[in-house]
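Input: a single structure, listed below in structure tokens.
Below, read A as the first sequence line, B as the second, and so on, with proteins coming before strands; counting in each chain starts at 1.
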Amino acid sequence: MPKKRLKRPFYNRDVLTVAPELLGKVLVRKFDNGIISRFVIEEVEAYRGEEDLACHASKGRTSRTEIMYHEGGKIYVYLVYGMYWMLNIVTGENSIPQAVLIRRIEGFSGPGKLTGNLSIDKSFYGEDLVFSKRIWLENNNEGVNFFATSRIGINYAGEYWKNKPWRFILK
DNA sequence: TCAGTGATTAGG
DNA sequence: CTAATCACTGAG
């Protein structure tokens, strides 16, 4: 059975539904030299709406957060600590700002490492996973087991949001 | 535990 | 324009 690219409806749902379902899915990257690499997604985090103080959209609609207000399936990338590009997948309907941080994929540990190895940078901001020729997600026929914990690196968001179990890890 | 590093943001 | 902040990493 051939692998199949995930389509719009998959992404256009609430981030708390999509995030755990991303576990076990395959991130596909086609490099400029034509080589195609596939990686199983192993760890993600959900960021949900303006009310979520850990979500960048809590600061409202800015040039950086703009893409999160679009329909699901778009890529949100940003630079953090001056060195690391973070790869996020926008979810939810239009005008509802949500995204899933891809925190770990098979073979690489850490969100900064994976974007470095996959050559993902600012040029991927707004890229559409449904149509892109250089990055997309494929279905995987496996069932997955996962567990949830609190999100990492968001001490600024306060106890309430910091303690939300919105980090999902493949077992 | 802590510094590196530069885009982004709020504020004057 | 300035200054503060930061969804990380690896060294010690």
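Remark: the backbone N or O of A/G72 is paired with a side-chain donor or acceptor of A/N12 at under 3.5 angstrom. Using a distance-only test at 3.5 Å, with no hydrogens or angles considered, a donor-acceptor pair links the side chain of A/N140 to the main chain of A/G24. Checking side-chain atoms of A/Q98 against main-chain N and O of A/V15 turns up a donor-acceptor pair under 3.5 Å. No side-chain donor-acceptor contact under 3.5 Å links A/R151 to the backbone of A/K162.
One can place CG of A/D121 at 19 Å from P of B/dT5, the figure rounded to the nearest angstrom. Remark: C1' of C/dT9 and CZ of A/F108 are 16 Å apart, rounded to the nearest angstrom. For the pair A/H56 NE2 and B/dA7 C1', the computed distance is 12 Å after rounding to whole Å. A/R151 has its CZ atom 14 Å from the P atom of C/dC6, to the nearest Å.
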Is there any protein nitrogen or oxygen under 3.5 Å from a nitrogen or oxygen in nucleotides 10-12 of chain B, and what are the pairs?
none

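Between B/dA7 and C/dG10, the distance separating the two C1' atoms is 22 Å to the nearest Å. Taking atom P on both C/dA7 and B/dA10, the two are 14 Å apart, rounded to the nearest angstrom. Here the separation of B/dT5 from C/dG12, taken at their P atoms, is 15 Å to the nearest Å.
The side-chain hydrogen bond (donor to acceptor under 3.5 Å, both in side chains) check on A/R13 picks up A/E21, with sequence neighbours excluded. Applying the side-chain hydrogen bond (donor to acceptor under 3.5 Å, both in side chains) test to A/K164 and every residue at least two apart in sequence or in another chain returns A/Y160.
The side chain of A/T115 places no N or O atom within less than 4.0 Å of a non-bridging phosphate oxygen (OP1 or OP2) of C/dC8.
Using a 4.5 Å cut-off between side-chain heavy atoms of Ile, Leu, Val, Met, Phe, Trp and Tyr, with links allowed through other members, A/Y156 and A/V80 fall into the same hydrophobic cluster.
Here A/I154 lies in heavy-atom contact (under 4.0 Å) with sugar-phosphate atoms only.
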Next item on the list: Whenever both distances are under 3.5 Å in a Watson-Crick or G-U wobble pair, mark it; put DNA chain C into dot-bracket that way, with [ ] for crossing pairs and | when the partner is on another strand.
Entry: ||||||.||||.
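Counting only N and O atoms by type, the side chains of A/E127 and A/Y125 include no donor and acceptor under 3.5 Å apart. Checking A/R104 against A/S109 by side-chain atom types alone, no donor-acceptor pair falls below 3.5 Å.
Closest approach of A/P111 to A/L101, counting heavy atoms only: CB-CD1, 4.4 Å.
A/R134 has no carboxylate O lying under 4.0 Å from a charged side-chain N of A/D32, or vice versa, which leaves the two without a salt bridge. The residues A/K25 and A/E138 are annotated as not salt-bridged, no charged nitrogen and carboxylate oxygen being separated by less than 4.0 angstrom.
Side-chain contact between A/M68 and A/Y47: absent, with no pair of heavy atoms (C-beta onward) separated by less than 4.5 Å. In this structure, A/N88 and A/I102 have side chains that are not in contact, with every pair of non-hydrogen atoms separated by 4.5 Å or more.
Interface residues of residues 159-171 of chain A facing DNA chain C, ordered by number: none; criterion, heavy-atom separation under 4.0 Å. Across residues 64-90 of chain A, A/R64, A/L79, A/Y81, A/G82, A/M83, A/Y84 each have a non-hydrogen atom less than 4.0 Å from an atom of DNA chain B (numbered order).
Among the nucleotides C/dA7, C/dG10, B/dT9, the one closest to the side chain of A/Y47 is C/dA7.
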